[in-house]
Amino acid sequence: MAIRVQPLRDLAKIQHYYGFRYLLNPGVHEKIFDKLDLPQTYQDTSKLKVLDLYPGPGQHSAIFHNRFKPLQHVLMDARPDFVKHLRGLSSTQNDSFQLYGKDPYEWQSYTDLIDVEKKFVPSKRSLDSIHDEFLVLANLTGMVGEGLFMQWLACVGNRNWLHRFGRVKMLVWVLESTAMKILARPGDQLRSKCSVVADTFTDTKLVATMETKNLHKFGQGVIDSHKPVLFPENDVWMPSGKPISLLEVNPSKHNIDLDNFDYVTKHLLILRSTPLCEAFESLGHGGRDYFTTVIKDKKFLRKCPKELTSSEFLMITEAFVNWPFKPDIYMDFIDVFQDND
Amino acid sequence: MLRFSRSCSRMLVSKRLTSQLRCVSQTAFLRKPSGNIDGLSGATGREDIGFLKSSSVSMSPHFGPFDHSHAVVSAAESRDIMNLWSLLEACLHSGYMERAFSILKSLYALKSHQAYFIDDYNKFLMKYAETLHDIKDLDKKLFHDIQETFPACEYNDKTLAILIHHALKLSSSAEAKLEHCKIYFKMAVSGQRSILSNVDVLTVPNYKSLVHDLKLVSLNELPAAVRPLIESGNIVTGEMLSSQQSSEINAKALSHGEVALDRNIEPLDKDAKELLAVDTIGMKVVRHTLLGLSFTEDQKKQITSFNFDTSSNLLNFDQEKESIDFFEMFRNLKSEEERRSFESALDEFNQDRQHQLENRATDAAKERWRHDFEEAKSRGDLSIQKKLNIKLWEWFNLMLPLVKEEVRRCAAVANKTAQDTSLSPQEKKQNKARQEYGPYLTLVDPEKMCVITILELLKLNSTGGIIEGMRTARAVISVGKAIEMEFRAEMLLKNESHVFKDVNKKSHEFKLMVQRARATFRSIKIEESKVLWPQEARAKIGSILISMLIHVAKVKVEGVDPVTNEKIKGEAPAFSHGYQYHNGSKLGVLKIHRSLIHQLNGERLVAAVQPQLLPMLVKPRAWNSWNSGGYYYTQSTLIRSKDSPEQVAYLKAVSDAGAIDNVYRGLNVLGETPWTVNRKMFNVMSQVWNSGKPFLDIPGIQEKLTLTPQPPRDADPSVHREWKLKNKELANEFSGNRSARCDANYKLEIARAFLGEKFYFPHNLDFRGRAYPLSPHFNHLGNDMSRGLMTFWHGKRLGSTGLRWLKVHLSNLFGFDKAPLEDRVRFAEDHIDDIRDSAEHPLDGKCWWKEADKPWQALATCMELNEALKMSNPDDFVSHQPVHQDGTCNGLQHYAALGGDIEGATQVNLVPSDRPQDVYSHVAKLVVARLEKAAANGDETAALLKDKIKRKVVKQTVMTNVYGVTYIGATHQIDKQLSTLFNDHKRSYELSKYLTKHVFASVRELFEGAHLIQDWLGECAKRISKSIRLDVDEKTLKNGNKPDFMSSVIWTTPLGLPIVQPYRENGKKQVATNLQTVFISDPFAINPINARRQKAGFPPNFIHSLDASHMLLSAAKCGEKGLDFAAVHDSYWTHACDVDTMNVVLREQFIKLHEVDLIERLKDEFDERYKNYLQILKIDKKSEVAMKVTDLKKKLSQKLGRPFTLADEIYMEKKRIQLLSSEDASEQAEGANMVTTVSLVAGAGDISNLEKTSDASCLVVLAPLTLPQIPPKGDFDVRELEKSKYFFS
DNA sequence: TTATTGTCTACCGACAATATCAATACTTACGAC
DNA sequence: CTTGTAAGTATTGATATAAGTAATAGACAATAC
């Protein structure tokens, strides 16, 4: 039984959007799904389990549900106005479309759902291919969305959280600015640790993005090669706010120690425009000497961190791990000022 | 204070004459400056402890921190001046005369600076003259400069002094000297005496020559301090004494011989008990300075005259075994007479040691390293400590050539000897940078700079929240500052030796006179140095030096090859520059290599306690101006200004007007209280310390930080998070412990260095007038341990009241301080056995003292009491123990006095009572009452809480209530207490929220009047900080309708200290240095104010300014009465026998303070100070005034052809006020006729009834600033206090 | 010009974000008249 | 000699950085509309 797809003007009646923005044009959603070609990954969508995080007004969810008729589709949202709205949407409908009213921000919500209450139990899949029975949808266009997304990426790297079940595809709405950061290529202005991490642990594509005059700020050839669906600002609610984009995140197969990689990229990218041979010194006592001995390629040493590819960072990380005098990467924090009574 | 510019005709006259007489001296006929208008005349007659005079100064029309009549002008210009000054100073000292001259030109171009320009020129001239060989060249130069280059500049008497000095130096014949000097004296601006008063220019031989050889001046024209040096041929023989003073001294010296001791004083062995795990580089340095001074023959004679066996321990560097316990000696002297003469001898001896202490510490450190290094070379026994010193010595030697080379290059750039053409672009850039920092880098001896850099970095280990390192920003600035400090001390010394260079100081008596003269000289010199290096320059040279150290400093390291699992040895830089993130912001970090940390023995190095800032061996220099007082070679300012030029400007103004003498008086009393280390306490503490175990508040030694094992990678993110939090907690605890241990270490080390010494704490004020000792780490403001470690140098016989007070004191220290005095006395008497046991077996007895609230001080008091009680008549015991009298919630006491709350005043003991009141318990009682009432009405929460309310729960909140704690903040505090009772976090927080409401209500109920005052103060602060001043630069108004608010809350304390709240927006900017850019505030930027902080800070700051005044008044009075006095804000200390006297003084002074209606006076002051300021109001659009204003705006808008903005309104009003205050009658009339939006509103009278809040129907108008009505005062009369014995107890 | 969104939350002593790049302001060089 | 333009350089301003938000509630400032 199909879920009711409400038009924008109805959904606009929801009081609070909590600073999130949602694409609310069914046509565009359909276009996006056309482009995504999900059946290629999920040959049998009747076995598909979908976890839908921050579904908000639920238009996206409804369209998805109607189109793919998954085995189970859990909407996780705890924001009162949306919960009220979604409850109306899910209760009258078939029982594969369920609302789970806990806060998707809390890790605990997931353990409750999956391990404690066992209301949604995905299967475990090997790392050889993208998980074919589990899909995550999410909207992270809110205030802390970017931070949460970065943590999710770290989870991809650590293979914990939802990613303990395998290489789980995620379709995530984020702010355009976040998308730009994530998709920045080596040498780009915006090249930063998160894009390196995204490169390393995932294959991420820009599926759709709002039409703005900033499109050119996406990294080299992102628009050309990803050919995102473009939609106008009118299709988005709330009417004001920052532009948004949809990312398709495909975790890749890897076996990398995140902590060391994290340390190396973090520190090198502080000096993003400093030639490596100098930037290495900031990795620890005697870093320059060590790395310039280990890495012979003079030309490489003249490159600067923002120009490096993911695999080059991996190479440096490996060297770092083998450094006898490497610093303690777990001491790399600031001891916040403690107030005494 | 303006000097009239020269007239044209005089110019011609002088030119004509010049041509005739050029042969003698060109400068002779430079125009004579016309007299200058002297400072503001004093205030009116009636008795004034400072307020009247001071406030009239700081509000006089001639004064304004943004005003052109004072040195501080517009922000930009004053910054320019300061930068140029410091650069000028630097260039002069580095000998870059050409550059210096061009800086002079820039200074000359600054209009606001003109009146002061001659001072700068004089500095230049003085240096320039040194390069010359003929006095005529100097003449020529001066003539040319003043006639041509700086025509608006006029010479002064100092200029003449410089000429005279050089005339005497350069002229070959006596005739030539005479001729020149004669002319120069004739040119005097304010007389011969004025010329001669420049003791920093003229040397002693100069004076001598002027008096004796040339007979140009008579003896009594000389400055008093110099006179004795010149008299009767002292210079020649140094032995003949003629003055009254010297014969007195002579008598004293003789009397020394007669002093006999009935008991041998054992020389003590300061190093016998090496403190365990204490790294002593730094303090060894200090000790060497203290001990390692060899006595002069005279001193030796003197000391031996006391029958002490000192001939064998002329202490020096290698022989650091023994020293003298001056305190023990002093204590055992029998007669008053003996003690007096002993003290005077000691004081004199200490003059020299103080000098050494402030000046020689860096050298001493270096020598220590070298010494250990050489010792190791010859012997090879290497303690860890010595190994470190050897390492440091190596670094020093590696670093030195680099520094030297850099200095050379800087010099080359400055002298333009480095050719630009052949350089790479990079080198060019470097040279450009050198041009900026070069002048500063070349001032201090490279060796010293190396030592300072090394010491600073080691000292900063583990600061700023970095576990094995420090923040780069802090490091570079610290090094820069240390260099600057060194430079200042050196400069002072150099100047001093220049002036006194040919003085023969053979005899002891003569030396005394020289000392006296020197002191005068130094005061002048320090007052004169108003220059500080710009923060930027500090950071730059700091970074240069640090990067050089990073480059050379290496340590041996061991590691395991992760591939082969083999142990590998290697070498790595000891310091490494990197970054860390904190909340997404980068932070520059200098990390110290772990292997070096281990060598530091897990403790922060006690290396470089700013040797300049230790307790003083002699009485601090008395405060007599805003920047003169305290240490002898180190400049400190009267108030610790928070980078606020405004504060300084106000302070300067009242200081120059001599309006804050009462502040100085009080402060000087604090500084003149001599202290010594309590040896017995020191012994107990060092024993505890050496065990390395935790004891009371000293944490145990913790070798290194061990983090918990990492959870598996695929564990839930929440597990990872827990792990990270746990680690942070561990790290926090670790560094907390380490810094606590380190702090204790500092204290013990300093105490050890000062064992047996007599020392003083020079004091300073924070911006509200509260006093703090200048020396960090070890002072009486410190924790229980610090306080337990020190005691008064002077002893006083207890007498019966003294004994009683000592007992009360002990009881207080145990926290038993809420009972009547008799009960407290009984408390002590009931524990006589415990006291004896604690005193005699502090560590191996019952340890009763450890149960005290303040255990260390309790122990000290036990010991004191025990000694007293051992005597047949305890009243005869001579006690050194300070006894404290604390105000019961001092802030509330002042509030109660201001608000006239009878109930409140009773609760804080302003009203006589037979037992002391305890506010906290009382509030707790009130809260319980409320809860019970609520519970009776069926409130479950109340029922749950009602029997959980103890004094402790509400104490912090009641206390912080005075500081304006918010509802949420108080909830946190209460939650901290409640969460120990309830396990459930959420629940306890809910309860806390609930409880907080009741606590707030109770406090408000109890101190109704006080709260009204608090609110009133807050409201005033808010209005002031959101007012618009008309006298600022127009450019701040340029952004249309949102002018920046620029006025901070300023008031004058009863003592006359002007207080400027420094809260402004953060004006920090990035500054590039060698290592990284650092984020520092520009001290001259005048930023928009932070209204929130102004408002929140004013009530507590005002109260603090009152309690500070009370303290200083009491100090001065106690000083007058001959008491030894110390204070910790609201805790006043004196000898046990003097407590009663002190208490009377405290009450007297409190009454004196509050007899005036301070709030009313404050309002008057505000009304005067902020008159003509404007405020933004919202009034009813439909009111008559509003309509008029709208009309006017419309009209003006049409006229302008654009919207009439707020800025326009302000500008217009400014015009009007200018016209009104004009001296020209027609202009005045024009102003009176002018109609502005403000005049319309002002004309409408009271418009408070028209004010609307956020209604749509309101109009924003500018109105004259008005302050709310003062709340009604309660009926409490402060004079009742006179008989309240528990006021302070 | 009004709604909403974001910030901050107790005083003082006290102690601190930085790299990079685009855009603007400012200077210099050089050429032409 | 003046002044124009271009090019180059110094200064200023904006932006990203990391990556749990523990928890409250009300005032006030800033920003967007």
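The structure displayed is predicted, hence computed values, not measured ones. Convention: sequence-line order gives letters A, B, ...; per-chain numbering from 1. Values below: every heavy atom of this structure, side chains too, minus hydrogens, waters and symmetry copies.
Rounding to the nearest 0.5 Å places OG of A/S282 at 12.0 Å from NZ of A/K266.
Counting to the nearest Å, the P atom of C/dT20 and the CZ atom of A/R191 are 16 Å from each other. Summarising the geometry, the separation between CZ on A/F201 and P on D/dA19 is reported as 13 Å, rounded to the nearest angstrom.
A salt bridge links A/R21 and A/E233; the closest N-O separation between the charged side-chain nitrogens and carboxylate oxygens is under 4.0 Å.
At the heavy-atom level, B/Y994 lies nowhere under 4.0 Å from the strands shown. Counting any heavy atom pair closer than 4.0 Å across all strands shown, A/T274 reaches sugar-phosphate atoms only and no base atom.
Relative to the side chain of B/K1095, the nucleotides D/dC28, D/dT17, D/dG20 differ in distance, and D/dC28 lies closest. Side-chain atoms of B/R768 lie closest to C/dC12 of the nucleotides D/dA19, D/dG20, C/dC12. The side chain of B/K724 approaches D/dG20 more closely than any other nucleotide in the set D/dA10, D/dG20, C/dA10.
Judged by centroid separation below 5.5 Å and plane tilt below 30°, A/F149 does not stack onto the base of D/dA19.
Judged by Watson-Crick or G-U wobble contacts below 3.5 Å, the nucleotide D/dT31 has C/dA3 as its partner.
If A/C194 and B/H972 are placed on DNA chain D by their nearest nucleotide, the residue sitting closer to the 5' end is A/C194. Of the two residues near DNA chain C, B/T966 and B/F1079, the one whose nearest nucleotide lies more 5' is B/T966.
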